[in-house]
Protein chains: 2
Amino acid sequence: MTDRVDLTEPQACGQLSALAHEGRLRIFRALVAAGPAGMPAGRLAEQLDISPSNLSAHLAVLTGAGLTQVRKAGRQRIYAADLVATAELVSFLVADCCGGDPELCRSVTANLGAAAIKACN
Amino acid sequence: MTDRVDLTEPQACGQLSALAHEGRLRIFRALVAAGPAGMPAGRLAEQLDISPSNLSAHLAVLTGAGLTQVRKAGRQRIYAADLVATAELVSFLVADCCGGDPELCRSVTANLGAAAIKACN
DNA sequence: ATTTCATTTCAATACTTCTTGAAATATTGA
DNA sequence: TCAATATTTCAAGAAGTATTGAAATGAAAT
């Protein structure tokens with residue numbers, strides 16, 4: 001486990017680009033739903049009706065951006081969403097919000113908190 | 001104020017595409033930092049060293065995606081980040097995480113909460 | 001060893017999106 | 001009305017990204 005450091009702008013942009021594609025967005029969300037156990041590439045291809053070669057390219061983009069991780073199990077490769085990286089991306093997006101004014105900023109905290117709660121229902 | 005509804009996949013994808021560009025990402029974050037008061041286009045162009053026509057195109061993309069809002073003040077147009085929309089996008093990204101298992105899901109909630117706090121320092 | 005299975009790699013075409021500068025619009029001030 | 005300011009619109013070349021199918025890799029089963 002390598003030490004995590006704040007995202008750079010190009011890194012954050014790469015992650016957003018990776019998600020900015022309907023196919024990859026579906027892939028990522030399917031992996032988020034699958035949780036830490038992840039899913040093998042083949043099952044993703046089947047479930048989302050994406051050709052294996054196309055899926056492979058998309059998974060390479062997501063993984064290269066640091067949003068997903070792979071592990072091998074026999075002849076399959078199991079992909080999982082990196083939720084810590086995801087939270088860091090969110091943090092990057094709203095960094096320094098409201099110029100740091102805690103009063104104005106409160107609503108952002110509240111909204112993000114609500115988003116987190118809502119996500120887990 | 002129109003009622004908000006959950007994002008559709010193409011809408012979320014449009015918002016991510018809007019952010020998936022270094023120039024627009026800088027613009028968006030500058031607006032997040034500016035808070036609800038927002039900033040006139042001209043000042044953004046100056047501060048970020050982007051040509052007016054290019055900036056205008058980028059702001060149109062962000063606004064079209066629903067991530068920023070405009071209002072007119074004299075001959076300037078003042079843009080502001082839509083932080084509620086931003087929180088909804090985050091919520092969409094991690095929806096149904098861990099298949100809804102509250103135990104696994106706890107870490108996501110914790111990470112997002114931490115991201116929100118960190119953003120406001 | 002050979003076959004089968006899961007996945008990736010490659011190369012080419014097709015498709016989108018960026019950027020630029022000039023011209024247009026709209027608002028204010030003289 | 002005329003000039004100045006703030007911003008947007010437009011068109012076109014330049015650059016980047018997606019998709020496809022065939023071939024290659026690597027691991028397991030026979």
Side-chain angles (χ1 to χ4, degrees), chain A residues 8-31 34 37-81, chain B residues 9-31 34 37-82:
Chain A
T8 63
E9 201 165 67
Q11 285 173 333
C13 195
Q15 297 187 331
L16 291 163
S17 298
L19 293 171
H21 180 281
E22 287 216 15
R24 283 195 298 264
L25 185 52
R26 275 202 296 272
I27 293 166
F28 178 78
R29 299 213 312 151
L31 291 176
M39 282 178 83
R43 191 140 60 89
L44 274 171
E46 205 175 77
Q47 176 175 314
L48 302 175
D49 194 33
I50 301 175
S51 79
S53 75
N54 197 3
L55 177 74
S56 179
H58 289 325
L59 286 169
V61 172
L62 286 166
T63 303
L67 289 168
T68 57
Q69 290 174 342
V70 213
R71 63 180 193 275
K72 294 186 192 175
R75 57 185 125 181
Q76 36 192 19
R77 302 207 188 168
I78 298 180
Y79 287 85
Chain B
E9 202 165 67
Q11 284 172 333
C13 195
Q15 297 187 330
L16 290 164
S17 298
L19 292 171
H21 179 281
E22 288 217 16
R24 285 195 297 265
L25 185 53
R26 275 202 295 272
I27 293 166
F28 178 78
R29 300 213 312 149
L31 291 175
M39 281 177 83
R43 190 139 63 87
L44 274 171
E46 205 174 77
Q47 177 175 313
L48 302 175
D49 194 32
I50 300 174
S51 80
S53 75
N54 197 2
L55 177 73
S56 180
H58 289 325
L59 286 169
V61 172
L62 286 166
T63 303
L67 289 168
T68 56
Q69 290 174 340
V70 213
R71 61 182 195 275
K72 294 186 191 173
R75 60 185 119 180
Q76 37 191 20
R77 302 208 188 167
I78 298 181
Y79 287 84
D82 186 332

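Predicted, not measured: the structure shown is a model, and the values here were computed from it.
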Over all heavy atoms of both residues, which pair between [X] and [Y] is shortest? Give the atoms and the distance, please.
{"X": "B:A65", "Y": "B:G14", "answer": "CB-O, 3.9 Å"}
{"X": "A:A18", "Y": "A:L67", "answer": "CB-CD1, 4.2 Å"}
{"X": "B:L16", "Y": "A:L16", "answer": "CD2-CD2, 3.8 Å"}
{"X": "A:L25", "Y": "B:E9", "answer": "CD2-O, 4.1 Å"}
{"X": "A:R77", "Y": "A:V70", "answer": "CB-CG1, 3.8 Å"}
{"X": "B:L59", "Y": "B:A41", "answer": "CD1-CB, 4.0 Å"}

Atom pairs, protein N/O to nucleotides 28-30 of chain D N/O, distance under 3.5 Å:
none

Note to self: Please give the stem ranges for DNA chain C, sorted by first residue number, where a stem is three or more consecutive Watson-Crick or G-U pairs and both donor-acceptor distances are under 3.5 Å.
What the structure shows: C:1-30 with D:1-30
Notebook entry, point to check: How would you list, by chain and number, every residue that makes a side-chain contact (heavy atoms from CB on, under 4.5 Å) with B:R43, sequence neighbours excluded?
Noted result: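 B:R43: side-chain contact (heavy atoms from CB on, under 4.5 Å) contacts with B:M39, B:P40.
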Next item on the list: Enter the distance from A:H21:NE2 to A:I27:CD1 here, rounded to the nearest 0.5 Å.
Entry: 8.0 Å
Note to self: For the CD1 atom of B:I78 and the CG atom of B:L31, what is their distance to the nearest 0.5 Å?
What the structure shows: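 That separation rounds to 11.0 Å.
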Checklist line | Phosphate-side-chain proximity, A:H21 and D:dT19, N/O vs OP1/OP2 below 4.0 Å | finding: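 Answer is yes, contact under 4.0 Å.
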Next item on the list: Using a cut-off of strictly less than 4.0 Å, decide whether B:Y79 has a side-chain nitrogen or oxygen near OP1 or OP2 of D:dT8.
Entry: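 It does, given that an N or O in the side chain of B:Y79 lies less than 4.0 Å from OP1 or OP2 of D:dT8.
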Margin query: Go nucleotide by nucleotide along DNA chain D from the 5' end; which of A:V61 and A:K72 gets its closest nucleotide reached first?
Written below: A:V61
Next item on the list: By nearest nucleotide on DNA chain D, pick out whichever of A:R24 and B:L59 is the more 5' one.
Entry: B:L59
Next item on the list: Using a cut-off of strictly less than 4.0 Å between a heavy atom of the residue and any atom of DNA chain C, enumerate the qualifying residues of residues 9-20 of chain A by number.
Entry: none
Notebook entry, point to check: Nucleotide by nucleotide, 5' to 3', does protein get under 4.0 Å of the base (B), only the sugar-phosphate (S), or neither (-) in nucleotides 11-16 of chain D, counting heavy atoms?
Noted result: ------
Between the protein and nucleotides 21-24 of chain D, list every N/O to N/O distance that falls short of 3.5 Å.
unit_1	atom_1	unit_2	atom_2	d
D:dG21	O6	A:S53	OG	3.3

Next item on the list: Using the side chain to side chain contact (heavy atoms under 4.5 Å, CB included) rule, pick out the option among B:T63, B:V61, B:D82 that qualifies with B:T68.
Entry: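 Between B:T68 and the candidates, side chain to side chain contact (heavy atoms under 4.5 Å, CB included) is satisfied uniquely by B:T63.
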